[in-house]
Number of protein chains: 2
Amino acid sequence: MDNFLEPCISGDFTQYSRTSGVAGVRLGPPLFPTAPLTPLGSFSVPGAQGSLTLGHDAPRHHRRGAPAFVNRAAGPPPEDPRPSERPEAGGAAEEDDPKVHLEARELWRQFHKYGTEMVITKSGRRMFPPFRARCTGLDRRARYILLMDVVAADDCRYKFHNCRWMVAGKADPEMPKRMYIHPDSPATGEQWMSKVVNFNKLKLTNNISDKHGFTILNSMHKYQPRFHIVKANDILKLPYSTFKSFLFSETEFIAVTAYQNDKITQLKIDNNPFAKGFRDTGNGRREKR
Amino acid sequence: MDNFLEPCISGDFTQYSRTSGVAGVRLGPPLFPTAPLTPLGSFSVPGAQGSLTLGHDAPRHHRRGAPAFVNRAAGPPPEDPRPSERPEAGGAAEEDDPKVHLEARELWRQFHKYGTEMVITKSGRRMFPPFRARCTGLDRRARYILLMDVVAADDCRYKFHNCRWMVAGKADPEMPKRMYIHPDSPATGEQWMSKVVNFNKLKLTNNISDKHGFTILNSMHKYQPRFHIVKANDILKLPYSTFKSFLFSETEFIAVTAYQNDKITQLKIDNNPFAKGFRDTGNGRREKR
DNA sequence: ATTCTTCGCACCTAGGTGATAACT
DNA sequence: GCAGTTATCACCTAGGTGCGAAGA
């Protein structure tokens with residue numbers, strides 16, 4: 001594998017996988033002029049997760065009446081893995097060929113058909129539909145960091161004219177890109193695979209001075225969300241680690257400050273629980289307007 | 001320092017500090033028969049945080065247009081530390097003598113005066129007042145894990161009789177103790193010191209089968225919250241690390257399933273924003289009752 | 001005039017309160 | 001009856017929606 005992106009279509013999604021290149025060198029464009037996959041280059045540190053795993057599975061289980069650390073996982077703690085003894089180093093290798101399944105794919109497609117729009121505001125706005133994914137093929141014992149970012153899909157500026165999106169010139173300069181690290185990171189493959197990974201708290205903004213860590217986008221530009229799986233037990237190791245990246249073309253969208261296409265507005269109202277007040281049906285006030 | 005607790009009164013609070021003992025050995029009671037300070041014994045790993053700190057302060061700062069990882073801190077990212085160059089190993093040692101200041105101490109004292117009660121429910125209940133603390137004296141560059149637990153304050157069962165709390169026998173057996181790890185853990189000393197550390201999401205329950213990781217308590221028993229600072233960059237290192245523990249006697253409380261003392265009820269209503277509906281003053285419905 | 005952005009708003013979801021009555 | 005627990009409720013906080021008028 002060289003230092004550049006290797007796109008490979010894998011049925012469900014487009015996957016890019018590579019090891020970081022040399023620090024500061026711009027890597028080949030994943031989509032367009034924008035950010036490389038990993039923030040800093042350098043050598044990767046593969047399989048660094050083993051040395052930190054305690055031999056006793058201690059922190060998650062009661063042992064001799066000692067306290068347990070249990071609040072890291074939102075749901076019920078994983079079952080006790082002790083019955084199946086840990087293989088020694090050199091034993092059977094654990095699986096590590098991640099696959100990702102996009103949740104609510106059909107809903108994403110309904111939006112995509114009309115051209116998905118996402119509102120961006122100064123105070124930050126969530127995406128709808130929310131980006132949710134189901135992972136398989138992770139090493140159950142290894143620890144992973146899962147992240148998302150949003151990159152330019154092309155170098156155009158758009159306008160909505162005569163009920164159509166049209167190219168309206170060259171893109172404005174891109175904002176510094178930010179990685180949204182899933183708040184459960186780092187966690188074991190077992191933990192990630194046990195539930196849907198939800199990125200709904202990621203927020204989009206057009207405020208170039210944003211101090212919350214939100215993703216800063218240009219209005220009337222087209223974007224592509226990306227999902228990354230990194231085998232690493234510590235955030236600090238991220239820049240030196242291998243990213244496995246997954247792109248779903250149906251999650252592409254145009255950032256707007258106000259919806260342009262009425263069909264998109266209606267899909268949002270019909271499907272986002274927080275917009276229930278605008279529905280025609282039911283108890284909403286919509287009928288009176 | 002030996003393996004047992006060394007209580008030392010430090011003006012504001014009672015501090016215990018020790019290194020873990022041998023695995024499985026019950027340590028001297030911090031308050032009563034209950035849990036030792038650290039879950040698993042063994043050798044400690046002091047100062048392990050240095051080797052993981054990247055030389056470039058990379059993950060938090062934009063370098064040559066690379067993306068930054070910024071969503072780990074809720075507030076604004078810390079200022080760029082680059083101007084003050086990092087001292088080489090062997091240079092001036094950073095401060096590491098943590099002090100803790102309990103927030104809303106006066107409110108805690110008002111409750112304590114009447115005998116603080118905390119409701120416990122099957123579905124989990126927060127504490128009020130919330131446990132919040134301000135830390136100083138941390139090594140700004142080192143990484144820490146901050147935690148809380150709640151331990152028995154004595155071995156008595158209580159009853160509320162004639163408007164007084166009275167001992168009503170020997171304590172029931174204690175539930176397995178759980179450590180509540182602050183969700184921002186691990187984070188740098190700089191990050192912890194930059195804001196009040198809020199443990200308001202810790203929940204108390206009387207459900208011995210609880211699967212959420214809440215703190216399980218016995219009703220009509222007296223408890224003491226404890227706050228712990230651990231210099232460690234990874235949750236997995238917790239069992240082998242040194243705990244510095246801080247106890248504030250005014251945060252002691254009795255767990256109840258329904259309030260016993262009307263004075264406590266009124267203090268809760270007057271001060272907890274979520275109970276505003278029960279206040280006599282203002283827009284509340286209380287006047288009509 | 002046109003296009004795009006901002007702000008306050010009514011209307012929701014989600015969930016934290018003590019009161020109350022029923023239950024054990 | 002008594003003492004303690006549970007479930008349900010009205011009433012809040014906190015914050016995510018698109019709307020529509022006003023602003024740039």
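Numbers restart at 1 for each chain; the letters A, B, ... are given by sequence-line order, proteins then strands.
When rounded to the nearest whole Å, the span between NZ of A:Lys122 and P of D:dG15 equals 18 Å. Look at CD1 on A:Ile269: it is 18 Å from P on D:dG16, rounded to the nearest Å. Here the P atom of nucleotide C:dT5 and the CG atom of A:Asn207 are 13 Å apart, to the nearest Å. Rounded to a whole Å, the NE2 atom of A:His221 is 12 Å from the P atom of C:dC4. One can place CG of A:Asp262 at 12 Å from C1' of D:dG18, the figure rounded to the nearest angstrom. The interatomic distance linking B:Asn272 (CG) with C:dG15 (C1') rounds to 13 Å, in whole Å. Distance, A:Arg279 CZ to C:dA10 C1': 16 Å, rounded to whole Å.
Taking 4.0 angstrom as the limit, B:Asn206 places a side-chain polar atom (N or O) nearer than this to OP1 or OP2 of D:dT6. Within the 4.0 Å cut-off from OP1 or OP2 of C:dT5, at least one side-chain nitrogen or oxygen of A:Ser219 is found. Residue A:Lys276 has a polar side-chain atom (N or O) positioned under 4.0 Å from OP1 or OP2 of C:dT13. Residue B:Lys203 has a polar side-chain atom (N or O) positioned under 4.0 Å from OP1 or OP2 of C:dG16.
In the set D:dA3, C:dG18, D:dT17, the nucleotide with an atom closest to the side chain of B:His161 is D:dA3. Nearest nucleotide to the side chain of B:Phe278, out of D:dG4, D:dT17, D:dA10: D:dA10. Closest to the side chain of B:Arg126, out of C:dG16, D:dG4, D:dT17, is C:dG16. Of the candidates D:dG4, D:dG16, D:dC12, the closest approach to any side-chain atom of B:Phe274 belongs to D:dC12. Of the candidates D:dG18, C:dG18, C:dC4, the closest approach to any side-chain atom of A:Lys268 belongs to D:dG18. Residue B:Thr265 has its side chain nearest to C:dG18 when only C:dC4, C:dG18, D:dG4 are considered. Residue A:Thr257 has its side chain nearest to C:dT5 when only C:dT5, C:dG18, D:dG4 are considered.
Between the side chain of B:Arg125 and the base of C:dG18, a donor-acceptor pair under 3.5 Å is found.
Salt bridge absent: B:Asp270 and B:Arg279 never bring a charged side-chain N and a carboxylate O closer than 4.0 Å. Between B:Lys170 and B:Asp155, at least one side-chain N (NZ, or NE/NH1/NH2) sits under 4.0 Å from a carboxylate O, which counts as a salt bridge. Look at A:Asp149 and A:Arg226 and you find a salt bridge, because one of the NZ, NE, NH1 or NH2 atoms lies within 4.0 Å of a carboxylate O, short of that distance. Salt bridge present: A:Arg178 and A:Asp210 bring a charged side-chain N and a carboxylate O closer than 4.0 Å.
A:Thr121 comes within 4.0 angstrom of no nucleic acid atom, judged by non-hydrogen atoms across all strands. At the heavy-atom level, B:Phe128 lies nowhere under 4.0 Å from the strands shown.
When the options A:Phe199, A:Phe248, A:Tyr180 are evaluated for a ring pair (Phe, Tyr, Trp, His ring centres under 6.0 Å) with A:Phe227, the one that passes is A:Phe199.
For the pair A:Tyr158 and B:Ala258, both in contact range of DNA chain C, the more 5′-proximal nearest nucleotide belongs to A:Tyr158.
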